[in-house]
Amino acid sequence: MPETVLYVCTTCRRPDDDPDGPRAGARLLEALRARSEGAPDLRIEAVECLSVCKRPCTVAVASADRWTYVYGDMDPAASAETILAGLAAYAETPDGLVPWRARPEAFRKGVIARIPPFPESRPRPAGTLEAAE
Ligand code: FES
């Protein structure tokens with residue numbers, strides 16, 4: 001099964017963040033790592049800003065040959081289990097398209113974007129530099 005990668009924005013802030021503690025995004029990352037230890041075919045990566053700063057916390061889900069999704073409004077204290085359940089459903093699909101009703105409610109409400117899989121390379125027209133090499 002292709003690996004699923006979960007990108008977690010660690011610079012997301014929420015109004016209730018302790019100014020002396022880790023940001024909400026960093027807390028969400030910690031919760032996800034604690035609950036996903038040993039999960040097969042899942043990699044969790046910390047990133048700094050997914051450009052969805054007004055809907056913290058934000059995450060993105062990607063996998064080869066599958067659609068990529070960006071989600072916001074994740075709660076650092078309560079969303080880890082939901083995100084992992086959504087990832088499990090995503091991983092069971094060949095293309096990343098989970099039926100709407102099978103998605104966790106937080107994914108249905110929090111979806112910000114979906115991005116098609118990266119296209120396969122097309123042959124270059126004859127006569128281009130790449131074709132001549
Ligand atoms: S700080 Fe998290 S998306 Fe920008």
Side-chain angles (χ1 to χ4, degrees):
M1 193 178 295
E3 182 179 51
T4 298
V5 182
L6 175 67
Y7 297 100
V8 182
C9 173
T10 58
T11 49
C12 273
R13 297 174 192 259
R14 294 188 108 187
D16 59 344
D17 278 0
D18 177 349
D20 299 322
R23 293 183 181 190
R27 298 197 314 274
L28 177 60
L29 174 68
E30 186 178 322
L32 285 160
R33 285 193 168 147
R35 286 169 178 78
S36 65
E37 207 164 299
D41 304 317
L42 173 62
R43 181 161 45 108
I44 299 177
E45 297 279 343
V47 294
E48 292 186 359
C49 195
L50 291 164
S51 288
V52 194
C53 317
K54 291 185 176 172
R55 293 186 59 185
C57 296
T58 59
V59 300
V61 181
S63 182
D65 299 325
R66 290 183 174 127
W67 285 71
T68 294
Y69 283 84
V70 180
Y71 298 105
D73 308 325
M74 297 294 129
D75 184 322
S79 294
E81 296 294 339
T82 299
I83 293 169
L84 293 172
L87 292 182
Y90 175 88
E92 288 176 10
T93 68
D95 54 10
L97 297 173
V98 177
W100 183 257
R101 288 185 186 162
R103 298 178 195 176
E105 185 178 352
F107 276 16
R108 282 184 261 152
K109 288 184 175 175
V111 68
I112 290 162
R114 66 177 198 157
I115 300 153
F118 191 81
E120 289 185 26
S121 303
R122 294 191 188 135
R124 302 233 180 229
T128 64
L129 281 177
E130 291 82 4
E133 291 176 359

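When a ligand or atom number is given, it counts from 1 through the structure's own listing order.
Taking the six-membered ring where tryptophan is involved, the planes of Tyr90 and Tyr69 are perpendicular, since the angle between them exceeds 60° and thus also 30°.
In this structure, the side chain of Arg27 engages the main chain of Pro22 through a donor-acceptor pair within 3.5 Å.
Counting only protein atoms, the N, O or S atoms lying less than 2.8 Å from atom 2 (Fe) of ligand 1 are Cys9 SG, Cys12 SG, ordered by chain and residue number.
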Could you tabulate the donor-acceptor pairs under 3.5 Å formed by side-chain atoms of residues 47-54, not counting sequence neighbours?
none

May I have the list of side-chain donor-acceptor pairs in residues 108-116 shorter than 3.5 Å, sequence neighbours left out?
residue : atom : partner : partner atom : Å
Arg108  : NE   : Arg103  : O            : 3.1
Arg108  : NH2  : Arg103  : O            : 3.3
Lys109  : NZ   : Glu105  : OE2          : 2.9

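Residue pairs that meet the salt bridge (charged side-chain N to carboxylate O under 4.0 Å, His left out) test with at least one member in residues 68-97, sequence neighbours left out, are Arg14-Asp75, Arg35-Glu81, Arg55-Asp73.
Under the 4.5 Å side-chain heavy-atom criterion for ILVMFWY residues, a single connected hydrophobic cluster contains both Tyr71 and Ile44.
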